[in-house]
Amino acid sequence: MDRTEATARLSQLIGADLRQMADYYGITVWKQEKINKGWAGHVIERCLGLPLNSSRAPNFGSWELKLISLKRTSGGNLKVKETMAITMIDPVEVMAKEFEESHLYNKLRKALIVARVFESCLEDHSIIHSVSDFDLDKHEVFELVKDDYNIVRQTLITSGFEALTGRMGKLVQPRTKGQGHGTTSRAFYARTHFVAHIIGLETHPLLNDPSI
DNA sequence: CTATGATCATCC
DNA sequence: GGATGATCATAG
């Protein structure tokens, strides 16, 4: 299955309740008191008939699945709830490669974004809101992401891996991630405004393209 | 144990 | 309420 077909299949899922699907596929949403943070993604993968793949480079895959959640504002509108993890930062690779050759760029180009609506902490229901892909074709977006990549790259070269902080980047930020017990690593995260733009929820202030 | 995806907790 | 850093579940 290629990216186009996957998009078509996923589009048919818009409006479906992921919670009920999780029950159907026997996927754990809650394990005792702990939530399975990857449950929604697993449901989608199972639905498409894909193996649960956690590999960094999907073997034959020409595309990649990403899941994000939306929340309701007090006004009743939908908003991006969280930033989105894109890919791990390999300092050696980042320092060696230009943005156009980077893993970050390739990953973004292959990604399909599925937005789901976060109803409550109980996760009683979770409706699929939209399916999108990155429009790095848009010049402004491409340049801004590239700028962020170069900031990270320069920081790695001049100050080292430890100097990276989540405060960097306009659309994409380097952020700590990891098991959390000593082993530290970092990943690229898409900021909420960036994600909102990608899924067509709102226009990013930094992007003044009227056609968006 | 580590890598990965995604969310939670805490600080401001 | 939003941003930054930390944690949890699962696979290899």
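Model, not experiment: these values are computed from the prediction. First the proteins, then the strands, lettered A, B, ... as listed; each starts at 1. Only this structure's heavy atoms are used, side chains among them; waters, hydrogens and symmetry mates stay out.
- Regarding A:Ile89, its CD1 atom lies at a distance of 12 Å from the P atom of B:dT4, rounded to whole Å.
- Under 4.0 Å is where a charged nitrogen must lie from a carboxylate oxygen, and between A:Lys146 and A:Glu100 at least one such pair does.
- The separation between A:Arg186 atom CZ and B:dG5 atom P is 17 Å, rounded to whole Å.
- Contact check, A:Lys177 against B:dT7: no side-chain N or O comes under 4.0 Å of OP1 or OP2.
- Here B:dA6 presents its P atom at 17 Å from CZ of A:Phe188, a figure rounded to the nearest Å.
- Summary for the helix from B:dC1-C:dG12 to B:dC12-C:dG1: the axes at its two ends, each from 5 pairs, differ by 30° when rounded to the nearest 10 degrees.
- Residues A:His197 and A:Val141 are in side-chain contact: their nearest non-hydrogen atoms beyond the backbone lie under 4.5 Å apart.
- As rounded to whole Å, 19 Å separates atom P of C:dG5 from atom CE of A:Met84.
- Among pairs with a residue in residues 148-166 of chain A, those fulfilling salt bridge (Lys or Arg N to Asp or Glu O under 4.0 Å) read A:Glu98-A:Arg153, at least two apart in sequence or across chains.
- For the pair A:Leu104 CG and B:dT4 P, the computed distance is 14 Å after rounding to whole Å.
- The cluster map of Ile, Leu, Val, Met, Phe, Trp and Tyr, joined by side-chain heavy atoms under 4.5 Å apart, puts A:Ile113 and A:Phe142 in the same cluster.
- Put simply, CG on A:Leu108 and CG on A:Leu171 are 10.0 Å apart, with the number rounded to the nearest 0.5 Å.
- Within the 3.5 Å criterion, the main-chain N or O of A:Ala85 finds a donor-acceptor partner in the side chain of A:Lys66.
- Within 6.0 Å of the CD atom in A:Glu143, the count of heavy atoms belonging to other residues, nucleotides or ligands exceeds 12.
- Nearest nucleotide to the side chain of A:Leu67, out of B:dG5, B:dA6, B:dC8: B:dA6.
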Tabulated below should be each protein N or O lying under 3.5 Å from an N or O of nucleotides 2-4 of chain C; please produce it.
| residue | atom | partner | partner atom | Å |
| --- | --- | --- | --- | --- |
| C:dG2 | OP1 | A:Lys79 | NZ | 2.2 |
| C:dG2 | OP2 | A:Lys71 | NZ | 3.3 |
| C:dT4 | OP1 | A:Gly166 | O | 3.4 |
| C:dT4 | OP2 | A:Gly166 | O | 3.2 |
| C:dT4 | OP2 | A:Gln173 | NE2 | 3.1 |
| C:dT4 | OP2 | A:Arg191 | NH1 | 2.6 |
| C:dT4 | OP2 | A:Arg191 | NH2 | 3.2 |

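- Scanning both residues, A:Pro174 and A:Ile89, for their nearest heavy atoms gives CB-CD1, 3.7 Å.
- Between A:Thr83 and A:Gln173 there is a side-chain heavy-atom pair separated by less than 4.5 Å.
- Between A:Asp90 atom CG and B:dA3 atom P there is a gap of 11 Å when expressed in whole angstrom units.
- Look at CZ on A:Arg116: it is 17 Å from P on B:dG5, rounded to the nearest Å.
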